[in-house]
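Data first, discussion second: the structure below is written as structure tokens.
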Amino acid sequence: MLVLERPKVEYRGWSLTIVRLATKWGPWALALLLRFAWVIFFAVLVVLTAFVWIVGRFINPLLPWFLRDIVVVVGLLAFACIVAIIGIWAERKVSARIQSRLGPMRSGAWHGWAQSLADGLKFVQKEDLIPHSADQPLFRLAPYVTLVPAFCAYLAIPFGASWVFRDSDVGLLFVLALLAIEVLGVIMAGWASNSKWSLYGAMRAACQLVSYEIPMGLSLLVGVAAVGSLSLIDLGRAQERGWFSWLIFQDPFLFVAFFTYYIASLASCKRSPFDLPEGESELVAGFHTEYSGFRFVMFFFAEYVAMFAVSALATIIFLGGWNAPVAGWSSPWWFVIKSAFLVWVQMWFRWTLPRIRIDQVMHACVKYLLPLTLLLFLGGSAWQLYDNPAHPAFTVFANIVRAVLGLIGLGLVGLYVFGAGYGYYYRQRLVGSMVRKHLPGA
Amino acid sequence: MMGPMPYVILSVLLLVLGLAIVISKRNAIVMLIGVEFILNAAALNLVAFSRHGAGDLSGQTAALFVIVIASAEAVVALAIFLNFYHRIATVDIDRGDQLRG
Amino acid sequence: MLEKAIFLLFAVPTVVAGVAILLSKNIVRMAFWLIAMLIAVGGLYFLMGAYFLGVIQIMVYVGGVAVLLVFGVMLTSRQLAPKLRPGPMETVWLAAVSMALLLGLVLSVAQVRWVQGPIASPNSPAEIGHSVMGDFLGPFELASVLLLVAMLGAAYLARPKVPVQSPEGSKETTI
Amino acid sequence: MNEIERHYRYQGDPLHEGEVPSDIRTEELTLNMGPQHPSTHGVLRVLLQTDGELVLKATPYVGYLHRCAEKMAEQVTYRQFTLYTDRLDYLAAMNNNLGFALAAEKLGAIEVPARAQYLRVIFAELNRIASHLVATGCYGLDMGAFTPFVYCFREREYVLDLFEAACGARLTYSYITIGGVREDLPEGWIGRCREFLDYLEPKITEYNNLLSYNHIFINRTARVGVCPPDLALAYGLTGPCLRGSGVPWDLRKAMPYCRYDEFDFEVPVGRGEQGTVGDSWDRYFVRLLEMIQSVRIIRQALDKLADGPVQAKVPRLVKLPAGEIYYEVENPRGQLGFHLVSEGGTSPYRLKIRGPSFCNLSILPAVARNCLLADIAALLGSLDIVMGEVDR
Amino acid sequence: MNSTEIIQLLQQQQGPALAAAVADGLHPHVVVPADRLMAVATVLRTDWRLRFDLLRCISAIDWPAKNTIELSYDLLATARGHSFAVKVLLDRANPRVESLRGIWPAAEWHEREAFDLMGVTFLHHPDLRRILLPEDWVGHPLRKDYQYPTEYQGLQLNP
């Protein structure tokens with residue numbers, strides 16, 4: 001009987017050898033580091049503070065602040081990269097789970113955690129060619145113009161009450177402006193690669209992203225109208241009194257504004273039903289058809305970084321950023337968990353919904369989303385007019401509405417948990433083909 | 001503190017560059033770019049004087065209006081050029097000499 | 001001293017962008033040079049403490065108008081990179097006139113003695129809101145009317161001449 | 001130009017060119033949806049005249065997969081040609097074999113035993129299910145929904161395992177030969193086949209909720225690529241494409257062959273539930289319903305399976321008498337016809353193969369006018385073209 | 001309606017046109033001279049009793065012995081459920097016949113294939129060019145006396 005044993009696969013490429021070495025020696029190095037982690041951590045800390053104190057005293061008093069900013073910026077970049085790497089790996093695992101398959105299992109020990117690393121290395125050693133008739137400088141510049149704004153958005157996003165690089169009182173608008181610059185990178189890429197298909201991708205991207213910025217901005221302004229300040233720290237601090245103080249439950253307009261914002265943010269990240277700019281089945285690969293090698297990785301990276309940034313905005317404004325459902329326990333972990341959940345929902349949409357057509361995208365924006373968000377903004381600001389101590393009757397009504405909405409929110413969360421549990425409990429263990437195991441001698 | 005002088009010189013430079021672009025380039029869209037240069041020079045001046053001269057922020061709101069009006073103007077100008085483009089295949093200004101159509 | 005350094009950091013790109021547009025032949029590059037200039041001017045606004053204005057400049061100008069311009073350039077350029085060759089005599093005259101204008105303006109500006117008023121502190125959008133609603137209410141209403149008229153005009157001018165028959169003719173698709 | 005040509009003019013039939021509104025004159029791009037393109041299901045090149053996102057005219061170019069099977073038929077004996085029939089519509093090889101075998105048997109007046117005929121019906125219908133699974137899965141992929149594609153191919157895996165158990169091959173079986181069926185079933189096969197049928201039945205309702213009634217999918221496919229019934233008949237559309245346009249014509253019911261008249265099953269017809277009759281959604285939904293009918297047929301055939309020989313006594317070198325026949329069989333994609341002319345030798349004198357996808361594709365220029373780029377993918381996906389039988 | 005009634009009906013409408021008619025056998029058909037093909041086809045398509053609306057297949061058969069190329073149009077009436085065939089015998093050297101594109105648009109691609117592989121030219125065909133073979137191919141492969149080319153655009157083929 002033919003016995004299939006695991007094929008001996010020889011990886012010869014240097015990138016995969018690095019991955020193999022990393023996975024072979026990685027755990028050892030990690031274990032060593034963990035055992036002496038505390039010692040190493042304090043040693044580094046002591047050296048750093050001594051260095052900063054000496055520099056501060058003798059060279060220039062301003063320098064320590066400058067160093068602190070550099071460290072924070074490096075930390076933010078590292079966080080963004082980690083988010084993107086985990087995002088890529090999670091997307092593969094999520095799509096596998098939805099399509100009842102296993103997803104990456106081999107690169108890296110548990111469930112293929114090093115798959116993104118392996119992808120990155122694979123792309124690094126791929127030859128990234130520039131089409132002959134492409135517009136050289138624009139072609140090279142485009143990935144950077146898409147990547148840099150996505151990373152800069154993290155400068156203004158607060159992780160905790162005081163965990164922010166530089167809080168300016170136009171933080172929200174600053175993030176929206178950076179997302180507006182990303183459009184240019186996409187158009188530049190589409191135009192510079194000088195092929196009809198990518199030109200279509202660029203045209204579609206330009207229409208979609210520019211027109212979805214308006215409903216996105218407006219639905220955020222509904223939240224700003226409730227709190228009265230554009231700075232993200234104030235927005236977060238206004239939602240510190242537990243679950244029912246979160247802005248999403250303040251008034252029905254805000255409740256709907258969360259969902260319109262979420263749909264608009266899907267469009268602005270070119271995700272799920274709106275992923276027309278790189279609609280595979282029609283436009284081959286849309287605006288990044290001609291890109292290969294490391295340039296393609298940048299577009300790929302920028303997509304995941306922007307995805308998390310946009311969900312971070314949603315959590316801070318609507319879901320009370322770093323504040324826990326219970327009043328006291330606010331910590332940056334809550335912010336990361338909520339944003340990760342919103343990113344998971346974006347992935348969930350991608351693997352269930354088909355793509356909509358370009359004219360439907362435009363109709364949806366101009367005919368449905370825009371008027372709806374304008375109405376919400378009107379309603380939200382009117383609600384704020386009356387929701388102050390001057391109108392006691394209305395505040396009582398507002399509290400009732402707040403409670404009802406909070407309960408609806410709890411219901412939704414319960415529904416999700418029940419659905420997930422039900423799905424997990426009744427999932428069908430699919431081992432190979434059901435027919436094969438009955439065949440004689442199989 | 002360096003006063004408004006550098007900003008004023010920069011806005012003059014921008015003005016001259018804008019004018020040069022409008023004059024030298026024959027393509028309608030590039031003339032629009034030249035006009036944008038000039039508008040930005042004006043807005044820059046407004047903000048500089050409001051910061052160093054008047055000390056309050058009326059200049060900034062004026063600059064805000066400059067941006068709003070510039071965007072409206074750009075939209076209408078582009079619509080006209082697209083129409084122009086429909087009639088005559090190119091966007092070359094010299095060709096737009098007949099008054100009819 | 002730091003402020004002058006940052007000022008130069010943002011001022012030099014604007015001038016470089018202007019000159020590059022003058023010299024470059026490819027329309028699309030000109031559009032992207034314009035975008036560089038707009039971002040640099042936005043940076044200048046940040047330097048001057050006008051944060052709200054800087055953000056609005058980037059959002060409205062770079063995110064909206066510049067994208068529109070690039071769109072216009074893409075639609076109208078027959079070949080992919082149309083060449084614009086000004087004649088030799090034209091460049092000489094152009095250089096002479098612009099140099100004369102520049103010198104005249106700079107000299108006249110240099111003689112002015114600036115009265116050093118109080119330095120405005122970096123302000124929050126709330127103050128700008130108050131001033132827009134306060135003494136700038138007139139221009140605000142006028143601006144909104146102007147925007148409405150501009151939108152209607154643009155939509156009317158750019159409508160497709162022949163109604164495009166969508167599949168099954170149920171609704172008109174205008175792209 | 002007689003009154004019939006006038007009859008076709010009103011549907012914007014391309015009998016006369018140049019009725020494109022001439023004064024839309026933004027740049028006119030001619031785009032090449034080239035031989036390798038994700039949504040052309042094989043090597044088909046479509047030249048699109050587009051104006052921005054709007055496609056004004058689409059002209060398909062075929063012939064990239066032409067192997068001239070008809071010329072080879074003249075140099076190969078009858079039994080050897082069954083191998084070529086597998087490669088015609090490589091997603092429904094069983095039905096192709098059945099078509100050629102029936103044509104040869106009718107010409108040679110060969111009597112096929114009852115068990116072989118029931119086996120033929122079972123395998124033909126199983127292959128129809130597998131082919132429709134591929135069609136619906138790929139159609140979801142064209143519309144951007146990746147998951148149904150993976151589910152459909154998981155189900156198809158079970159059908160291929162059944163075929164592998166019965167005749168050893170997964171794609172080109174040449175199991176149905178002249179005179180009957182190559183081998184009898186392995187023991188335990190019928191039980192597994194019933195188990196698969198019970199497994200598949202609830203899955204089709206699952207696809208309905210996942211894809212068919214998905215609001216975005218309906219917006220993308222309803223009222224897109226509409227083929228009115230008489231235009232479909234005029235261009236020779238057959239199979240699910242014709243039934244999607246509301247014409248209840250199924251060869252298994254109208255001209256029954258191979259004991260199809262003994263089974264009761266309905267013929268699903270497009271009723272324009274989500275849009276107009278004959279749009280892409282109808283063609284897709286007709287295929288889904290046909291899968292359910294095939295399950296019913298297989299169940300009845302499995303009950304009627306009598307014992308007996310599976311191969312009539314046919315000489316090793318089949319020699320058909322001089323004569324001529326045109327015989328058609330209902331394939332998953334339409335009516336596959338064999339025009340067999342024989343001079344009494346051991347190989348056919350002339351064999352013309354009428355591929356259903358060849359005619360289904362010919363309607364593309366007439367229907368893909370003034371529609372959007374994404375609608376071309378929707379239309380092509382719903383016509384379910386296999387280039388093997390277009391280019392032969 | 002079985003084929004004998006169809007043939008009687010055709011004889012009434014187009015009496016002299018029918019060269020031969022075979023009612024029984026596996027492939028009931030009627031043989032029509034080339035110039036009367038259009039008239040017979042119109043009758044088959046428009047007569048309310050016949051209503052052949054589906055042109056299933058046009059096969060071209062090469063008979064070098066009889067020096068003729070035979071075109072067989074297989075028709076089907078979906079409303080009535082009966083099928084029938086019309087044959088046309090063309091001389092082998094210069095086979096020319098009227099295109100039935102106006103009556104059945106399905107004929108367009110079948111006729112292009114007959115032109116491409118057998119060399120039959122169809123008059124008034126919208127765009128009669130090769131459909132399966134490359135545009136610049138020489139010769140018609142399905143003819144019995146077809147020599148295999150040994151070279152195509154620089155590619156040597158040694159059988």
Side-chain angles (χ1 to χ4, degrees), chain B residues 1-10 12-21 23-27 29-30 32-33 36-37 40 44 47-48 50-58 60-61 63-65 67-76 78-83 85-86 89-91, chain C residues 3-4 7 11 14-15 18-19 21-22 27 30-31 34 37-38 41 44-45 48-50 53 56-57 60-61 64-65 68-69 72-73 75-76 78 84 86 90 94 98 101-102 105-106 109 114 116-120 123 127-128 131-132 135-136 139 143 146-147 150-151 153-154 157-158 161:
Chain B
M1 240 5 184
M2 56 174 187
M5 182 54 76
Y7 292 105
V8 172
I9 294 172
L10 178 65
V12 159
L13 259 170
L14 277 181
L15 172 69
V16 166
L17 281 171
L19 274 178
I21 291 169
I23 296 165
S24 71
K25 300 290 174 183
R26 279 200 303 282
N27 183 327
I29 308 276
V30 184
L32 204 54
I33 292 178
E36 297 295 334
F37 260 77
N40 269 9
L44 195 65
V47 176
S50 98
R51 174 166 159 68
H52 294 288
D56 66 357
L57 45 84
S58 56
Q60 285 175 17
T61 38
L64 204 63
F65 285 123
I67 291 179
V68 162
I69 293 158
S71 60
E73 172 266 338
V75 164
V76 172
L78 258 170
I80 294 170
F81 292 146
L82 276 180
N83 249 302
Y85 177 76
H86 265 300
T90 74
V91 199
Chain C
E3 196 193 351
K4 193 171 270 305
F7 167 76
T14 48
V15 175
V19 169
I21 287 184
L22 271 175
I27 292 191
M30 294 185 200
L34 169 74
M37 187 278 280
L38 291 174
V41 167
L44 278 175
Y45 290 148
M48 279 194 269
L53 196 63
I56 288 292
Q57 157 102 348
V60 171
Y61 245 121
V65 172
L68 216 61
L69 276 173
V73 161
L75 273 182
T76 50
R78 207 40 145 157
L84 294 150
E90 271 172 36
L94 178 71
S98 41
L101 182 63
L102 183 68
L105 279 174
V106 166
V109 157
W114 301 110
Q116 184 49 46
I119 303 291
N123 41 43
E127 285 152 25
I128 291 188
S131 84
V132 163
D135 41 26
F136 275 84
L146 178 117
L147 277 178
M151 201 164 66
L157 278 174
K161 299 300 165 291

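Protein chains get the first letters and strands the later ones, always in sequence-line order, with residue 1 at the start of each. As a basis for the values below, the full set of heavy atoms in this structure was taken, side chains included, without hydrogen atoms, waters or symmetry mates. This one's a predicted model, so the numbers in the text were calculated from it and none came from an experiment.
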Minimal non-hydrogen separation, [X] against [Y], with atom names:
X        : Y       : answer
C:Gly72  : B:Leu78 : CA-CD2, 3.8 Å
C:Phe136 : B:Ser58 : CZ-O, 3.6 Å
B:Ser71  : C:Val60 : CB-CG1, 4.2 Å
B:Arg51  : C:Met48 : CD-O, 3.2 Å

Checklist entry - Please walk me through it: do B:Asn27 and C:Met30 pass side-chain contact (heavy atoms from CB on, under 4.5 Å)? => result CA-CA 11 Å; B:Asn27 183 327; C:Met30 294 185 200; over 6 Å; no

Can you tell which part of [X] gets under 4.5 Å to a heavy atom of chain C, answering side chain, backbone, both or neither?
X       : answer
B:Val8  : side chain
B:Ile67 : both
B:Leu64 : both
B:Ile21 : both
B:Phe37 : both
B:Ile80 : both

Can you measure from [atom1] ([X]) to [atom2] ([Y]) and round to the nearest 0.5 angstrom?
X       : Y        : atom1 : atom2 : result
B:Lys25 : C:Leu94  : NZ    : CG    : 9.0 Å
C:Ser98 : B:Leu13  : OG    : CG    : 11.0 Å
B:Leu19 : C:Leu102 : CG    : CG    : 11.0 Å
B:Ile33 : C:Leu38  : CD1   : CG    : 9.5 Å

Within the structure provided, determine whether [X] and [Y] are in side-chain contact (heavy-atom separation under 4.5 Å).
X        : Y       : answer
C:Leu101 : B:Val12 : no
C:Met37  : B:Leu17 : no
C:Leu44  : B:Leu10 : yes
C:Leu22  : B:Ser24 : yes
C:Tyr45  : B:Leu44 : yes

Next on the checklist: Please identify, among B:Val16, B:Leu32, B:Asn40, the residue contributing the most non-hydrogen atom pairs under 4.5 Å to chain C.
Outcome noted: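 The answer is B:Asn40.
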
Item to check | Top contributor to chain C contacts, counting heavy-atom pairs under 4.5 Å, from B:Val75, B:Leu15, B:Ile9 | outcome: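 Counting heavy-atom pairs under 4.5 Å, the top option is B:Val75.
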
Checklist entry - C:Leu68 versus chain B, heavy atoms under 4.5 Å apart: side chain, backbone, both or neither? => result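 Answer is both: backbone and side chain atoms of C:Leu68 are under 4.5 Å from chain B.
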
Item to check | Side chain, backbone, both or neither of C:Ala11 within contact of chain B (heavy atoms, under 4.5 Å) | outcome: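 The answer is both parts of C:Ala11.
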
Checklist entry - How far apart are the C-alpha atoms of C:Tyr61 and B:Glu36, what are their side-chain angles, what is the distance that settles it, and do they pass the side chain to side chain donor-acceptor pair (under 3.5 Å) test? => result CA-CA 10 Å; C:Tyr61 245 121; B:Glu36 297 295 334; 2.8 Å; yes

Next on the checklist: As an exercise: rank C:Asp135, C:Ile21, C:Val41, C:Val106 by heavy-atom pairs under 4.5 Å with chain B and give me the winner.
Outcome noted: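 When all of C:Asp135, C:Ile21, C:Val41, C:Val106 are compared, C:Ile21 has the most.
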
